[in-house]
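One structure below.
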Number of protein chains: 2
Amino acid sequence: MVRAIYDSIYQRLRQDILNGTYPYQSLLPSENTLIKTFSCAHNTVRKALALLTAQGFVQPIHGKGVRVIYQPPQKTLFTLGGIETFKETARRNHLKAQTDVVTFKTIRSDDAIAEQTGFPAGTELYYIERIRRLDGKALIFDKNYFLASIIPGLTTAIVKNSVYEYIEKTLGMRITTSKRTLTVERTTPKDERYLDVEGYDFLAVVSSQTFNSDGIMFEYTQSRHRPDYFAFHSTAIRGK
Amino acid sequence: MVRAIYDSIYQRLRQDILNGTYPYQSLLPSENTLIKTFSCAHNTVRKALALLTAQGFVQPIHGKGVRVIYQPPQKTLFTLGGIETFKETARRNHLKAQTDVVTFKTIRSDDAIAEQTGFPAGTELYYIERIRRLDGKALIFDKNYFLASIIPGLTTAIVKNSVYEYIEKTLGMRITTSKRTLTVERTTPKDERYLDVEGYDFLAVVSSQTFNSDGIMFEYTQSRHRPDYFAFHSTAIRGK
DNA sequence: GCCGATTTGTCCGTATGTATC
DNA sequence: CGATACATACGGACAAATCGG
């Protein structure tokens, strides 16, 4: 897979921001300099910078330069914000990850499920419930609905490992957009049965719809997190 | 203020998606068509489409078209996700908003504040605590730190109305990037004193750093929300 | 399976506008 | 005012994916 030029520029600048070459509040080399460094056109550099801006790494200042606004996270705990696998998250935090599958079946969506997930009623779905353990503690309760017509051949073994790995590596499907809603909800009896709630009576709940590169929603997931291991990061950019 | 061409195309398409002209799962007119419609260059149309993609409205499909993946929110309640003032949010939900200022003072940041907010120790700051009421109920507890050197002349009157209005209209400063972290925390005695917690012992806590168009962080805010009036929306796009 | 039309994706070079210093 | 730097826009070229005949 050959990377696009703008992408390699983006990756390079991103790395240099992360490793401190361009520290917080410093200015990146000017667009003109970058053009010479990477021997490419103006627009190509700008596309890379637009990406960095959208991800919250830099803030361009008209007539002045491009300022780095990324700061390394101070408290290092379990966080999420991009599109990341549970396994990836665990590895990033040097924690031992384990997944228990408690439910695995195919269902047909009814009106209630359609209302909640956005899948039309009558659609054939996989329904999966999993418990995510970090260092042995049951911290996250996941409910997944997968579109059976798009994700064929799911097995408990796959589900226990990583569904995303199966989707991307085996099926060769690309995951692109993910829309999320975050709420705070009271623990249910089911939560208490499966999770080590340890006195917590509220959970952080992330509901997400995931789309593939055809713009088809193929997954609806609800992840219920124990609050003390949860943080969610997001960057918003005003208009322009 | 004259809008850029790409921006007017973006606004127009966005409107047409919101009002149902281009419904969920439909395809937008092709880039070629849009070029003719708006009498502009390829790249200009593409910039508008890139914006729509980044905001989660559409998903382009190589060789096929640009698919609309926006769905109107089903449960209409208090939500946030973009950069929006409290007043704007209240108006959108047809609720009567009221703000009580409980603390308003200037302080100098110490090590503890620096650690939490990201302002260097020794910086002069405004510190404000406010209670946000919707339809009379005290639902949100806000703590703000503003950089005094950047936001001069704050008064309780301004703070009771809208600080952002003051910043944008009176000072003429542009707010651009906002970085947020979302956590779930136990209510404190202070929360219980000021908010109508009604038995809720956990709150949704949004911490945000706001940057102006010079890339200077001028605000750190912590908003503590009662769970039943809180939802947070976010769109993530996988790298490429 | 191939070809050609359509459509999105990447890149270039140039020109002009506008903000900062 | 001039030099520098980011912002917008144009037009052209070619690549890559999709789809129908």
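Any value given below was found using the heavy atoms of this structure, including those in side chains, with hydrogens, waters and symmetry copies removed. Chain letters run A, B, ... following the sequence lines, proteins first and then strands; every chain starts at 1.
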>> Considering every strand and a 4.0 Å limit on heavy-atom distances, what is the contact class for L49(B): base, sugar-phosphate, or nothing?
In response: nothing
Roughly, in whole Å, what's the span from [atom1] in [X] to [atom2] in [N]?
| X | N | atom1 | atom2 | value |
| --- | --- | --- | --- | --- |
| I61(A) | dC21(C) | CD1 | P | 9 Å |
| Q59(A) | dA5(D) | CD | C1' | 15 Å |
| D7(A) | dA15(D) | CG | P | 20 Å |
| L34(A) | dT4(D) | CG | P | 16 Å |
| K47(B) | dG9(C) | NZ | P | 16 Å |
| L28(A) | dT4(D) | CG | C1' | 16 Å |
| N43(B) | dT8(C) | CG | P | 14 Å |
| K64(B) | dA16(D) | NZ | P | 21 Å |

> By salt bridge (charged side-chain N to carboxylate O under 4.0 Å, His left out), which residues pair with D110(A), not counting sequence neighbours?
Replying inline: none
> So does R132(B) pair up with D142(B), basic N to acidic O under 4.0 Å?
Replying inline: yes
With respect to the side chain of [X], which nucleotide from [options] is positioned closest?
| X | options | result |
| --- | --- | --- |
| A4(A) | dT18(C), dT8(D), dT10(C) | dT10(C) |
| C40(B) | dC10(D), dT8(C), dC11(C) | dC10(D) |
| A41(A) | dG13(C), dA15(D), dA9(D) | dG13(C) |
| H42(B) | dT10(C), dA17(D), dT8(D) | dT10(C) |

> Hey, which of these two, D214(B) or G65(B), hits DNA chain C nearer its 5' end, going by closest nucleotide?
Replying inline: G65(B)
> Is the phosphate of dT10(C), meaning OP1 or OP2, less than 4.0 Å from a side-chain N or O of Y6(A)?
Replying inline: yes
>> Taking only side-chain N and O atoms of R46(B), does any of them lie within less than 4.0 angstrom of OP1 or OP2 on dG9(C)?
In response: yes
>> Name the residue from T221(A), I128(A), I107(A) that meets the side-chain contact (heavy atoms from CB on, under 4.5 Å) definition with Y145(A).
In response: I107(A)
> Taking L13(A) as the fixed residue, which of L52(A), V68(A), L18(A) is the one that meets the side-chain contact (heavy atoms from CB on, under 4.5 Å) rule?
Replying inline: L52(A)
>> Under the salt bridge (charged side-chain N to carboxylate O under 4.0 Å, His left out) definition, can you give me all pairs with a residue in residues 23-37 of chain B, not counting sequence neighbours?
In response: E31(B)-R46(B)
>> Given the structure, check if the side chain of H62(A) and the base of dA7(D) hold any donor-acceptor pair shorter than 3.5 Å.
In response: no
> In the strands shown, is dC1(D) matched to any nucleotide by a Watson-Crick or G-U wobble pair with both distances under 3.5 Å, and which?
Replying inline: none
> Pick the nucleotide of DNA chain D nearest each of T44(B) and S30(A); which residue has the one closer to the 5' end?
Replying inline: S30(A)
